[in-house]
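To start, the structure itself, in structure tokens.
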Amino acid sequence: MLRWNWRNTVVCAAIAATGLAPAPAAAQHLSPPGMDFARVLGTPALPGIYGPETAVVVLGYGLTPEGTMRDELVARLRAGLTQAVFAPLSPIIVTGGNPQAGLSEADAMADWLTAAGIDPTRILREPEADSTVANARNTAAMLSERGLRSVVLVTSDDHIDRARSTFAAAGITVVGDLTPGRALWSSVPLHIGGFGPARPAL
């Protein structure tokens with residue numbers, strides 16, 4: 001007899017969002033296996049399935065002088081949105097300061113995610129960090145305050161290794177990561193409210 005719990009719910013949500021069934025083993029683990037073959041081989045990655053004790057952390061990228069987001073940051077957000085679909089119980093931390101035109105990277109990211117259908121109450125803003133070290137330090141404080149145990153990092157392909165080592169040095173348990181180049185559906189305009197392509201690309 002199948003025992004229904006949050007992992008079963010997440011699997012069903014992921015299937016509805018993508019039209020694809022994740023490997024059966026994915027529903028049996030809170031964290032991915034120790035060897036991440038997708039990272040080693042450079043192949044597209046199936047986002048991990050995590051619970052409410054794991055935060056999805058999207059790292060910021062410099063805004064334009066007008067306060068708009070550059071393509072690099074939008075790509076990170078699209079990967080983060082994909083991960084959010086697969087981990088609907090996880091809070092999302094957007095971290096980045098460096099305000100332009102009165103808007104921080106964190107605020108710009110939160111606005112984008114909200115427009116994409118993410119519940120605003122799920123988004124935690126960290127608008128002070130001005131470096132990867134500060135991203136990690138400030139995120140560690142937020143995790144401690146909220147009793148969160150681990151993170152999934154979302155950033156650019158050429159930044160992920162440094163980000164992982166920096167977050168680990170800050171005492172943060174990194175259980176997974178996703179980058180635009182490895183996100184299987186980075187070009188699909190997912191919308192949480194409709195689970196699937198629903199809006200024009202943001």
Side-chain angles (χ1 to χ4, degrees), residues 13-14 17-20 22 26 32 36-50 54-64 67-88 90-98 100 104-118 122-126 129 131-132 135-136 139 150-168 172 174-192 195-202:
T18 64
L20 297 175
D36 186 343
F37 289 103
R39 294 194 79 229
V40 173
L41 299 176
T43 56
L46 185 71
I49 298 173
Y50 305 95
T54 299
V56 177
V57 179
V58 185
L59 276 65
Y61 190 86
L63 304 177
T64 68
T68 59
M69 294 189 298
R70 302 178 194 274
D71 291 344
E72 187 73 22
L73 182 52
V74 173
R76 294 184 185 186
L77 286 166
R78 294 183 69 80
L81 179 60
T82 301
Q83 177 60 72
V85 170
F86 277 80
S90 294
I92 303 168
I93 297 176
V94 287
T95 170
N98 303 307
Q100 296 288 343
S104 69
E105 295 167 13
D107 288 334
M109 290 190 285
D111 291 346
W112 189 96
L113 289 169
T114 299
I118 294 290
R122 186 181 170 191
I123 303 170
L124 306 176
R125 307 183 188 211
E126 189 292 292
S131 66
T132 304
N135 289 142
T139 297
S150 56
V151 305
V152 181
L153 286 180
V154 180
T155 187
S156 304
D157 296 83
D158 61 359
H159 184 229
I160 190 62
D161 289 336
R162 179 160 63 91
R164 283 187 71 110
S165 62
T166 301
F167 272 65
I172 297 173
V174 180
V175 296
D177 62 57
L178 194 64
T179 63
R182 292 172 50 246
L184 201 57
W185 302 280
S186 60
S187 62
V188 175
L190 293 173
H191 181 256
I192 300 302
F195 283 117
R199 290 184 172 183
L202 294 173

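Keep in mind the model is a prediction, meaning the values are calculated, not measured.
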Kindly compute the distance separating [atom1] ([X]) from [atom2] ([Y]), expressed to the nearest 0.5 Å.
| X | Y | atom1 | atom2 | value |
| --- | --- | --- | --- | --- |
| H159 | T179 | NE2 | OG1 | 12.5 Å |
| N135 | I93 | CG | CD1 | 11.0 Å |
| R78 | L73 | CZ | CG | 12.5 Å |

TODO: Verify side chain to side chain donor-acceptor pair (under 3.5 Å) between E72 and S156, making sure each step is shown before the conclusion.
DONE: CA-CA 8 Å; E72 187 73 22; S156 304; 2.3 Å; yes

List the atom of [X], the atom of [Y], and the distance in Å for their closest heavy-atom pair.
| X | Y | result |
| --- | --- | --- |
| Q83 | G48 | NE2-O, 2.8 Å |
| V58 | G80 | CG2-CA, 4.2 Å |
| T82 | P47 | CG2-CG, 3.7 Å |
| D157 | R182 | OD2-N, 4.0 Å |
| I172 | A136 | CD1-O, 3.4 Å |
| T132 | A163 | CG2-CA, 4.1 Å |

TODO: State whether the side chain of R70 and the backbone N or O of G62 hold a donor-acceptor pair below 3.5 Å, judged by distance alone.
DONE: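 Judged by distance alone, yes, a pair lies under 3.5 Å.
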
TODO: Report yes or no: does R122 contribute a side-chain atom to a donor-acceptor pair with the main-chain N or O of S90 at less than 3.5 Å?
DONE: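 Yes, because the side chain of R122 sits within donor-acceptor range (under 3.5 Å) of the backbone of S90.
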
Task: Contacts of type salt bridge (charged side-chain N to carboxylate O under 4.0 Å, His left out), residue D111, not counting sequence neighbours - done: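 If we apply the salt bridge (charged side-chain N to carboxylate O under 4.0 Å, His left out) test to D111, skipping adjacent residues, the hits are R125.
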
TODO: Walk me through it: do M69 and L63 pass the test side chain to side chain contact (heavy atoms under 4.5 Å, CB included)?
DONE: CA-CA 5 Å; M69 294 189 298; L63 304 177; 3.8 Å; yes

Task: Trace of the side chain to side chain donor-acceptor pair (under 3.5 Å) decision for S150 with T54 - done: CA-CA 5 Å; S150 56; T54 299; 2.7 Å; yes

Task: Test side chain to side chain contact (heavy atoms under 4.5 Å, CB included) applied to F167 and L59, step by step - done: CA-CA 11 Å; F167 272 65; L59 276 65; 4.1 Å; yes

Is there side-chain contact between [X] and [Y], with heavy atoms separated by less than 4.5 Å?
| X | Y | answer |
| --- | --- | --- |
| L77 | L113 | yes |
| E105 | V94 | no |
| V56 | Y50 | no |

Open item on the list: I'd like to know whether Q100 forms a side chain to side chain contact (heavy atoms under 4.5 Å, CB included) with T64, so could you lay out the CA-CA distance, the side-chain angles of the two residues, the decisive distance to 0.1 Å, and finally the verdict.
Closed with: CA-CA 7 Å; Q100 296 288 343; T64 68; over 6 Å; no

